[in-house]
Amino acid sequence: MKLLRIIVSSLAPVGLVLLQISCGGGDASGPGKVATTLTAHSATSLTGPPGTQVTDLPSVLVSDASGNPLAGAPVTFTVTSGGGTVTGGSATSGASGFATVGSWTLGTDAGANTLSATTGSLPEITFTACGTETHAPGSTSNSQLSPTDCQFSSGSFVDFYTVTIPTSGTYIFNQTSTAFDTYLAFLSSANVLIGINDDFGTSDSRIKVIAPVGSYLIAAFSFDANATGNYSLTSVPSTAQVTNCEDVFVLKGITTAQSLQTTDCSTGGFLSDEYVIFLTKGQAITVGMTSSVLDSYLEIRANGGTSALVFNDNVNGTTQNAEVAFIPATTGFYIIAAASKTAGATGDYTLSIQ
């Protein structure tokens with residue numbers, strides 16, 4: 001399988017948009033004590049359609065010099081870019097030290113929206129919400145990266161698209177540009193990474209994913225920092241079998257009919273389809289492989305690794321079925337290999353991930 005060219009260190013697996021959170025000393029006043037620390041209590045990176053309210057309301061924690069929650073501290077939430085509006089912008093920390101904005105409605109244009117939270121002279125906390133556009137599977141979205149877009153900590157500008165998968169199955173997303181080296185990510189609606197690619201040809205990106213019905217996010221950005229220019233995002237549902245050792249991303253909740261073919265990955269004459277799954281530490285999965293013609297074999301290994309972390313070729317005394325349960329010790333990409341215990345064997349099978 002072709003190794004993925006990934007800059008995972010610059011893209012957080014959960015919540016791709018990385019923003020610096022400031023905290024420190026100061027002299028804001030609460031009743032009887034002094035606020036010395038202001039930290040974010042909610043996520044500082046959000047997404048949502050332009051002109052709508054964010055669902056995860058920005059919230060901060062006010063603490064005193066001993067690190068204890070401070071009640072009664074005045075906190076001001078102010079829109080600083082994007083043209084949005086807030087209600088409850090003048091808040092007061094409660095008994096647990098938390099202060100939360102009443103609501104935050106994003107501006108009507110796609111792009112970056114920022115909101116600051118301040119108390120006294122303490123460094124402000126910045127919340128960034130990226131307005132999302134809509135991309136329908138089977139369509140083409142033409143847009144451009146610009147300095148008004150949201151920006152990753154790596155320096156890449158990014159556009160986010162909401163994608164609704166109407167039918168469980170295989171979908172292919174492509175980002176092309178003649179202006180910059182494209183980079184594409186597929187995420188859950190909660191910003192959890194599912195798949196990522198920046199190397200399909202020279203400057204194009206491609207993600208093939210088998211996904212259940214649901215709402216997802218596409219992040220279209222660049223490999224290089226501060227790159228701008230036009231690009232196209234296209235997608236298409238696919239009924240094609242997994243083949244040629246291609247990168248195919250999967251996630252929990254899928255069941256897919258596939259087959260071993262002579263064009264699949266081959267190791268010592270044993271054919272296999274290999275699926276890429278992103279797992280967080282402690283996230284349990286169970287993978288099943290059933291077939292009426294194959295002596296099924298499953299294994300899971302770390303991305304780039306050669307040793308099986310778990311494997312099975314006989315579940316419930318049935319040689320044609322296999323099942324593995326796995327709980328990762330670390331967060332990252334893993335490879336699920338669906339194969340046969342018989343060298344050169346081909347035929348249909350069903351893979352499920354729960």
Side-chain angles (χ1 to χ4, degrees), residues 1-4 165 167-174 186 194-197 199-200 206-213 235-279 284-326 328 332-354:
M1 166 171 278
K2 178 177 69 64
L3 292 179
L4 305 175
I165 300 296
T167 305
S168 180
T170 303
Y171 295 83
I172 300 173
F173 297 87
N174 287 281
F186 188 80
I194 296 171
I196 194 164
N197 178 265
D199 191 12
F200 188 69
R206 176 182 184 267
I207 289 178
K208 185 173 184 177
V209 60
I210 304 175
V213 173
S235 63
V236 62
S238 175
T239 57
Q241 297 284 306
V242 175
T243 189
N244 291 324
C245 243
E246 61 184 336
D247 293 334
V248 180
F249 296 95
V250 293
L251 61 159
K252 291 179 69 171
I254 69 160
T255 298
T256 179
Q258 299 290 336
S259 66
L260 291 185
Q261 309 166 67
T262 57
T263 52
D264 288 336
C265 300
S266 179
T267 304
F270 292 86
L271 302 172
S272 66
D273 287 328
E274 300 192 347
Y275 304 87
V276 186
I277 187 168
F278 184 86
L279 298 173
I285 62 169
T286 299
V287 183
M289 179 181 180
T290 60
S291 176
S292 61
V293 295
L294 297 171
D295 181 0
S296 299
Y297 171 81
L298 281 172
E299 72 176 32
I300 297 178
R301 60 181 186 270
N303 182 43
T306 57
S307 301
L309 301 173
V310 291
F311 63 91
N312 179 264
D313 75 316
N314 188 341
V315 61
N316 298 326
T318 303
T319 59
Q320 290 178 320
N321 298 335
E323 182 178 280
V324 292
F326 180 62
F333 282 103
Y334 292 84
I335 305 298
I336 299 171
S340 173
K341 287 292 287 183
T342 304
T346 60
D348 295 338
Y349 68 90
T350 298
L351 181 79
S352 63
I353 306 175
Q354 302 300 329

Where do [X] and [Y] come nearest, in terms of heavy atoms and distance?
X	Y	result
Asn314	Thr318	OD1-N, 3.0 Å
Ala343	Phe270	N-CE2, 3.3 Å
Thr286	Ala325	OG1-CB, 4.2 Å
Ala339	Leu260	C-CD1, 3.8 Å
Ser238	Ile172	CB-CD1, 4.0 Å
Thr255	Gln354	OG1-NE2, 4.1 Å

Task: Working for side chain to side chain donor-acceptor pair (under 3.5 Å), residues Ser291 and Ser296 - done: CA-CA 7 Å; Ser291 176; Ser296 299; 4.8 Å; no
TODO: Give every residue pair that meets the salt bridge (charged side-chain N to carboxylate O under 4.0 Å, His left out) criterion with at least one member in residues 305-316, sequence neighbours excluded.
DONE: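 Those involving residues 305-316 do not exist here.
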Answer yes or no: is there a donor N or O on one side and an acceptor on the other, between the side chain of [X] and the main chain of [Y], under 3.5 Å?
X	Y	result
Asp264	Gln261	yes
Gln241	Ser259	yes
Gln320	Ser292	yes
Asn312	Leu298	no
Ser272	Glu274	no

Are side-chain heavy atoms of [X] and [Y] found at a separation under 4.5 Å?
X	Y	value
Phe249	Ile210	no
Thr170	Val209	no
Ser340	Tyr297	no
Val276	Val250	no
Phe333	Ile196	yes
Glu323	Met289	no

Once rounded to the nearest 0.5 Å, what's the spacing between atom [atom1] of [X] and atom [atom2] of [Y]?
X	Y	atom1	atom2	answer
Leu251	Ile194	CG	CD1	4.5 Å
Phe311	Ile300	CZ	CD1	12.5 Å
Phe200	Asp247	CZ	CG	10.5 Å
Leu294	Lys341	CG	NZ	13.5 Å
Ile285	Lys252	CD1	NZ	8.0 Å
Leu271	Cys265	CG	SG	9.0 Å

Open item on the list: Looking only at the aromatic ring of each residue, does the gap between the centers of Phe186 and Phe173 stay below 6.0 angstrom?
Closed with: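 Between Phe173 and Phe186, the centre distance is under 6.0 Å.
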Task: Partner residues of Phe326 under the ring-ring contact (aromatic ring centres under 6.0 Å, His included) criterion, sequence neighbours left out - done: Tyr334
Open item on the list: Run Tyr275 and Leu351 through side-chain contact (heavy atoms from CB on, under 4.5 Å) and show every step you take.
Closed with: CA-CA 10 Å; Tyr275 304 87; Leu351 181 79; 3.5 Å; yes
Open item on the list: Does Ile277 form a side-chain contact (heavy atoms from CB on, under 4.5 Å) with Ile353? I'd like the steps, not just the answer.
Closed with: CA-CA 10 Å; Ile277 187 168; Ile353 306 175; 4.2 Å; yes
TODO: Check side-chain hydrogen bond (donor to acceptor under 3.5 Å, both in side chains) between Gln258 and all other residues, then give those that pass, not counting sequence neighbours.
DONE: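 Here the qualifying residues are Thr256.
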Open item on the list: Going by the rule side-chain hydrogen bond (donor to acceptor under 3.5 Å, both in side chains), which residues pair with Ser266 if we only count those two or more places apart in sequence or in a different chain?
Closed with: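 Counting only residues at least two positions away or on another chain, Ser266 forms no side-chain hydrogen bond (donor to acceptor under 3.5 Å, both in side chains).
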- [ ] Could you list all the ring pair (Phe, Tyr, Trp, His ring centres under 6.0 Å) pairs where at least one residue sits in residues 335-354, not counting sequence neighbours?
- [x] none
- [ ] Report the residues that fulfil salt bridge (Lys or Arg N to Asp or Glu O under 4.0 Å) with Glu299, sequence neighbours left out, ordered by chain and then residue number.
- [x]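 Here the qualifying residues are Arg301.
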